[in-house]
Amino acid sequence: MLFRRDTQLSVRQLYKSLPNKEISIIIASMYATLSPAEKSVYTDKAQRELQLHQAKYPNYKFRAQPSKPRSKPKKKRTGHTYTGMACFNSQSNFAEISHLTAEDILQTPDNGLSSIKETLFKKLLQ
């Protein structure tokens, strides 16, 4: 971590367009090529940082936090009300009526538009 902190800015300036993952790979390979004497400088720094942290926070104990779910569950489409067939006049109006539930579609009068109702109903069931 300390080696990365010391070298990241210079590597970032050399490779401005690379993503962070690639920068990390470069820095790791740079650290791997250091001599043991150069690595000991950073291990000594790490020991000093650890001692300072322990002195500052004597009762500190790492506790991993549970990870948050990555995707939200889909919401159920309920509670919408709709009356009439005004927006069922063409198939281009699907976006306007996409909030309807299956119950809404089944309760609307047919008015000769049963194919549109069937298509909407199939989309809602998917």
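Quick caveat: nothing in here was measured; it's all calculated off a predicted structure.
- Panel note: side chain Gln13, backbone Ser10; no donor-acceptor pair is recorded below 3.5 Å.
- For the pair Arg12 (side chain) and Leu18 (backbone), a donor-acceptor distance under 3.5 Å is present.
- No path of Ile, Leu, Val, Met, Phe, Trp and Tyr side chains, each step under 4.5 Å between heavy atoms, connects Leu9 with Ile27, placing them in separate hydrophobic clusters.
- Taking CZ from Arg63 and NZ from Lys61, the interatomic distance works out to 7.0 Å, rounded to the nearest 0.5 Å.
- Grouping the Ile, Leu, Val, Met, Phe, Trp and Tyr side chains by contacts below 4.5 angstrom, directly or via other members, places Met30 with Leu34.
- Contact of the Ile26 side chain with the Gln8 side chain is not registered, since no non-hydrogen atoms from C-beta on lie closer than 4.5 Å.
- Between Lys45 and Asp6 a salt bridge is recorded (basic side-chain N to carboxylate O distance below 4.0 Å).
- In Tyr31, the OH atom is crowded: over 12 heavy atoms of neighbouring residues, nucleotides or ligands sit closer than 6.0 Å.
- Neither Val11 nor Ile25 shares a network with the other; the hydrophobic side chains, linked directly or stepwise wherever heavy atoms of I, L, V, M, F, W or Y lie under 4.5 Å apart, form separate groups for each.
- Taking both residues in full, the closest heavy atoms of Ser40 and Thr43 are given as O-OG1, 2.9 Å, listed atom of the first, atom of the second, then distance.
- For the residue pair Arg4 and Ser24, the shortest heavy atom distance occurs at NH1-OG, 2.9 Å.
- Cluster membership for Met1 and Tyr57, using ILVMFWY side-chain heavy atoms within less than 4.5 angstrom, is not shared.
- The same ILVMFWY cluster, assembled from side-chain heavy atoms under 4.5 Å apart, contains both Phe3 and Tyr15.
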